[in-house]
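Working notes, beginning with the structure itself.
Sequential numbering from 1 along the given sequence is applied to the chain's residues. Everything numeric here is computed off the predicted structure, so don't read it as measured data.
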Amino acid sequence: MATSDEVKEWMKRKKAGVLRMQSRQKLVHSKMAKMIESNPSLIENAKQRVQDRLTQTGEATREIYLEWQRILSSWSMEQITGLLRSDDDQYDQIKACAPFDFQSISS
């Protein structure tokens, strides 16, 4: 059985790991925003990806893609990139399912 000190150490390590993961996610989403600003056509491509995913997704992610459909059809590029850069926890799940395809950008 684990001691109290061992449990505290595990919790400390877990929290540090979560903070590292959140930091990486923030960096990734910031890079996404920059790429979209440089390549606005990514928004049109994302609209098609959302349509494709809505025909193939299960109930667990359907609501997220419906929200992306709403965002991509009614928000400005500045609002979309602002969402990607947002620190607001309410956007974490939607950002995790961002429908942008950066492989389609030609070098």
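- Distance check: L84 CG to I36 CD1 gives 5.0 Å after rounding to the nearest 0.5 Å.
- Scanning all heavy atoms of the two residues, the minimum distance from D101 to L42 falls at O-CD2, 3.3 Å.
- Residues satisfying the ring pair (Phe, Tyr, Trp, His ring centres under 6.0 Å) test with F100, not counting sequence neighbours, are W68.
- Counting only residues at least two apart or in different chains, side chain to side chain donor-acceptor pair (under 3.5 Å) contacts with residues 86-99 comprise K26-D87.
- Within the structure, no pair that satisfies the ring-ring contact (aromatic ring centres under 6.0 Å, His included) test touches residues 26-51, not counting sequence neighbours.
- With sequence neighbours excluded, the residues that form a salt bridge (Lys or Arg N to Asp or Glu O under 4.0 Å) with E44 are K47.
- In terms of the salt bridge (Lys or Arg N to Asp or Glu O under 4.0 Å) criterion, residue partners of E37 (sequence neighbours excluded) are, by chain and number, R85.
- Listed here is the closest heavy atom pair of L72 and V50: CD1-CG2, 3.8 Å.
- With sequence neighbours excluded, no residue forms a salt bridge (Lys or Arg N to Asp or Glu O under 4.0 Å) with R24.
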Extract all donor-acceptor atom pairs below 3.5 Å that involve side chains of residues 7-18 and protein atoms in other chains or at least two apart in sequence.
unit_1: E9; atom_1: OE2; unit_2: R13; atom_2: NE; d: 3.3

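- Applying the side-chain contact (heavy atoms from CB on, under 4.5 Å) criterion to V28, with sequence neighbours excluded, gives M32.
- Counting heavy atoms from C-beta outward, N39 and N45 have side chains that stay 4.5 Å or more apart.
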Subject >> side-chain contact (heavy atoms from CB on, under 4.5 Å) between I80 and I71, worked out >> reply: CA-CA 7 Å; I80 293 168; I71 289 167; 3.9 Å; yes
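- Not counting sequence neighbours, R62 has no partner by the salt bridge (Lys or Arg N to Asp or Glu O under 4.0 Å) test.
- Residues satisfying the side-chain contact (heavy atoms from CB on, under 4.5 Å) test with T3, not counting sequence neighbours, are D5, E6.
- Listed by first and then second residue, the salt bridge (Lys or Arg N to Asp or Glu O under 4.0 Å) pairs that reach into residues 64-77 are E67-R70, sequence neighbours excluded.
- Minimum interatomic distance between T81 and A33 (heavy atoms only, all atoms of both residues): CG2-O, 3.6 Å.
- No side-chain donor-acceptor contact under 3.5 Å links Q56 to the backbone of R53.
- Partners of Q51 according to the side-chain contact (heavy atoms from CB on, under 4.5 Å) rule, which considers only residues two or more places apart in sequence or in another chain, are Q48, L54, Q69.
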